Each structure stands twice: as C-alpha cells, then as structure tokens.
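This report concerns only the one structure given below.
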Amino acid sequence: MNMIQSAKDQIVKLTKDAYAAAAAEGLLPAGVETPVAVEIPKDTANGDYTTTFCLAAAKAMRKSPRDVAQALTGKMDFAGTFFTGVEIAGPGFLNFRLGDKWYADTLAAVDAEKDAYGRGDMLKGKKYMVEFVSANPTGPMHMGNARGGVLGDTLSSVLDWSGAEVWREFYVNDAGNQIEKFAKSIEARYFQIIQGEDAVEFPEDGYHGEDIRELAQAFYDKHGDSYVNVDEAKRHEDMARFGLDANIPKMKSDLERYGIRFDEWFFESSLYDSGAVPEAMAFLTERGFTYEKDGALWLKTAEIMRENMKKEGKTDEQIDKLDLKDDVLRRANGFYTYFASDIAYHRNKFGERGFDKVINIWGADHHGHVARLKGAVDALGLDGTHRLDIVLMQLVKLVRDGEAVRMSKRTGKTISLADLLDEVPVDACRWYFNTKPDTQMEFDLGRAVREDNENPVYSVQYAHARICSLIKTLADEGVAVPAADQVDISLASGEQERALIKELSRFPDEIRAAARDYDPSYINRYLMSLSGAFHSFYNNCRIKGEAADVAAVRLKLAEATRQVLRNGLGILGVSAPEKM
C-alpha cells in the first residue's frame, strides 16, 4: 500500500468535497474544474502536505486565494481521515497535518505486506524486456559490463516491483565480422604454437589478449597439429565454436557469481539460421524503406530520421546540420551488417514475442546508434519511437588510494569482472555500480571494502543487522515483536519516531520513481536515508528499559524498518545480513 499516495488522494477528496459544499451554499462559484495538486513541502514544520488549489482556482472564481481557502476550510470534515486539521498559510496555501491514523496505518501496511511491501501496479499488464550486458563473447567481461549488469538487473527488479512482467535477456553476438576476427586470432596463435611466434604474423586487427593464447593452447592440447591442413573455412568455424563454447559458460558463471541470471541468452546466429535477417530486410524493402546502390542494400535512415525529427518539432535547418546518412544493410559481397541483424532482432522482440516495451542498456559510445535503431523499428511499423528505450551508461573509473587502476594486481592484466569480484565483495560491487546511469562513476576499491560508515552499503547492512540483533536479544528475554494493531501509535510521537515512519512510507514511491525514470539508484539513496533515520531513532529513543507499551511501539517500528531495509536490499541484489 502506498501511504503517501493514499494521503494525497484523501486531500484531493477533502478539497473537492469542501468546494462542492461551499459552492452549494453560494460561498464560491460553481463549475470551476481546477485540478487539486498535492505536494509534500520541504519544510514540514507547518504541515505535512500542502495544496495550491486555492491559488490556482482563485482567478476563475474571481476571489482572492485566501478567501477561497477560508471558504474551503470551513467545509472540511476530518473524521475518519489521516489528518487532524488544515491551516491557511501565505497567500492561500492549505497545509494539512497528519494524525495518528496515518502513522498507524503505515506500520500496519508494512506489517501486513511484509516481503511485498513496496510493490505496486503502475505497470500492471505490461510486458517488458530488458536487454543488458550483451558483452562480446570473444573475450572476458570488463568494467562496463559490470556496471551494465547491475543497472539492467536492478532496473528489471524495480519494473517487476511496479507490476510489469519482466524478461531479462543477454544478446550473444556469435555471428559476423567479430567472430571471424576471433577465429583468425585463435588460428594465428595456434600456428604460432606449432611453427613459432616469429614464423607466423598475428593479424593487426586481431584480439591480442592473453585469453586468446589460452584458447589456442587449449585447442592445440585437444587437437594437436591436426588442423594445420584443414580447409580454412572449416578451421575458422571450428575454432570460433571452440572459443565460444569456452567463453560463454565462463560469462554465465561470472554473471551468476555476480547475482545475475537471464531468462534467455539469445544468439545472433539464430536469426541467420531461421532466415529472420533476410526476411526483415525484405519486409523493409516491401515498405519502401530500402534501395540498392553499388551492389549493396541500403536503409533510408536519413529520410526516416528526418521525418521523426520533424514530428519532434525540429526545423529543416536544425536537421540539415546533423548531416544524416543512410546505412548499409547488406554489403556488396552479400554479407549482412550488424545493423541488419540488430533490426531483425528487434523485429523478433516486438513482432514475434510481443513485448510492449523493450529497454536496452548500452554504453555511452553507442549514442549515435540510438535514433537510427529507433527509426528502423519505426520503419518496421513497430513504433520504435515509443516502445524502444535505450539507457546509456557512462564509463567507470577504478581508483585505489586516489590513483587510477587499470591493471589487476593478481594477473597483471586489464581488470575483468572476475578480477573485480576476487577483490571486492559482490554486495559492494552491486551497490556501487547501481549509480545514476548517465553520470560517470568513480569506483573506489579501498572504500568498497571498508567496514565503517564511510562505506554506504556497510552502513545500510549494519542497520539491518543491528535490528536483527535487537530483536533476537529481546526474544531471548521473552519479549516478542507485537503485531501492528497491538501497539499504541500515539506513544511514538517524538520527532525521530515520526520521521522514521515517514521514511518507511516513502519506499513505494521511490520504487515507482525508479521505474519511471529508469534509474534504480533511487533505491540506494532511499536506503541510505532510511538507515540514517533509523540510526537517529535508535540513538534517541530507547527500547530496552522503557515502559512496556512505549518499548512495544518502538520495537514494532524497528521491526518494520528491518523489513523495508530487507526489501530494498533485495531489489538491489544485495544481501541483508542478520549479524555483522
């Protein structure tokens, strides 16, 4: 249950009912349909909620805002509501003050919903796909994949908590030029093993990592020199498959260690095996969006994007400055481009699997590809403008003791996801990488392993463990946590107690905001705020040694905080330890 929204809804009803009553008595003119906007003021000293209705409606009513406010406050009945009263402030604000019922109902909501507290139905009935990581399977995963993995996984969680049916997908680029380059790289290292490094030139554009040497050695250990005289095409096919069969399971195990599991690993090669790529190109041609030039098939990307930009209100002059270009779909040699398979893949997502919304998590270096892909999906008749969303994430900078870190101490190589997880706990990795996607982040390796309040994930987990320890200690003494309806909420009227209950009420709204903005870092910030409010409460409001009825309501408040901390950490894929 969203207690903040419930309070706002009550104010809307109170205001509308009061206006109707005042209009019926001739105190205010009838027929004014001004919306009732309700906000939580930054300073709640004079009220917990406020509405600007009187200011907004005054002109239409031909009265001063304060006169409108005076007429309304005289007609408000607060019996059975969350509020104790209303005050007129400034030029005509209506400030409402919460009563015990709202605080009691907030605790009751957490108590009743438990592990489901915070769930909502904003996206109920919607089918979402989140495609993320999708790392090139030709090498180990790097820091960008580490960040994209957490962002995609936690975004999927907040969408799920907001009512959507969510599908997590990894797109495996196991076809095209990069796989041929992968095969040639393994081949070169394989021949170097047999003939010597000086005898075999390594491709200039090949993959130079140590992992390629390891794959070539493993291939040689299995096959010896039997592939020296094998047909080149067959050799490349088998070496690429050998490399992928080694790399992809490693990628899966690294991601599972990271707490990430996908509903599907979708292989690019399956689009070619099924004929989906040429079918998609033929469909675009039928719709008049392609042409042939110099033996290649082209998409009318510039024309599509120009039309979309005009719909957005851009002028011809603004569009001309962008120097829009068309894209090759099929090269003159008959091979399809990566863009062609990407278009076919998204046709599969929308047209065949029927997702209402598709969200791709991409690196910021793909910025120029966003409008082109959306336009291509529009050309398919699948409304890429509104149904396809791309979340671009910025780079990660690793630091230790203020110095940039590029190499692993353990391996002496570029730090991979596996290297990172060897050095930093998964909980810390998931917490720190779940930052606002469009901001560059600095990952401080030293801070991430600290066990003090300088490390935010430690601070939040410590709050949870502290409450668990308290509850266990009291249970050992025969004191159980009471049910919400067994405590007197009026006894929790102190500043820290009320502030903590308000923090608990914010959780459903924070999830909704995270889903709306595709920014799951709302949850990190919320958990920091909640744990801070709890520590303030715990330091100022004794539980042990207090009168039984006071101790009971405070213990219940602590237990509700434990529950919400646990729910929030669960969304992030971070553990909620019971002892630390």
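No experiment lies behind these values; they were computed from the predicted model shown.
Note on ring orientation: taking the six-membered ring where Trp is involved, the planes of Y258 and F433 are perpendicular (angle over 60°, cut-offs 30° and 60°). The aromatic rings of F266 and Y345 sit tilted relative to each other, their planes meeting at an angle between 30° and 60°. Ring planes of W265 and F170: parallel class, angle under 30° (limits at 30 and 60°).
Heavy-atom neighbours of D320 CG from other residues, nucleotides or ligands within 6.0 Å: above the threshold of 12.
At a threshold of 4.0 Å, the pair K250-D254 counts as salt-bridged, since one of the basic side-chain nitrogens sits closer than that to a carboxylate oxygen. Taking the charged nitrogens against the carboxylate oxygens, R330 and E292 do have a contact shorter than 4.0 Å, which makes a salt bridge.
Although no hydrogens or angles enter the test, the distance criterion places a donor-acceptor pair under 3.5 Å between the side chain of R287 and the main chain of A379.
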_Test side-chain contact (heavy atoms from CB on, under 4.5 Å) applied to E312 and Q318, step by step_ = CA-CA 12 Å; E312 295 171 359; Q318 289 173 318; over 6 Å; no
*Yes or no on side-chain contact (heavy atoms from CB on, under 4.5 Å) for L244 and R241, after CA distance, side-chain angles and deciding distance?*
CA-CA 5 Å; L244 292 174; R241 177 46 50 199; 3.8 Å; yes
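A donor atom on one side chain and an acceptor atom on the other are not found under 3.5 Å apart for N360 and Y171. In this structure, a donor-acceptor pair under 3.5 Å is absent between the side chains of R430 and S575. For the residue pair D427 and Q461, a side-chain donor N or O sits within less than 3.5 Å of a side-chain acceptor on the partner.
Y227 and Y220 have their aromatic ring centers separated by at least 6.0 angstrom.
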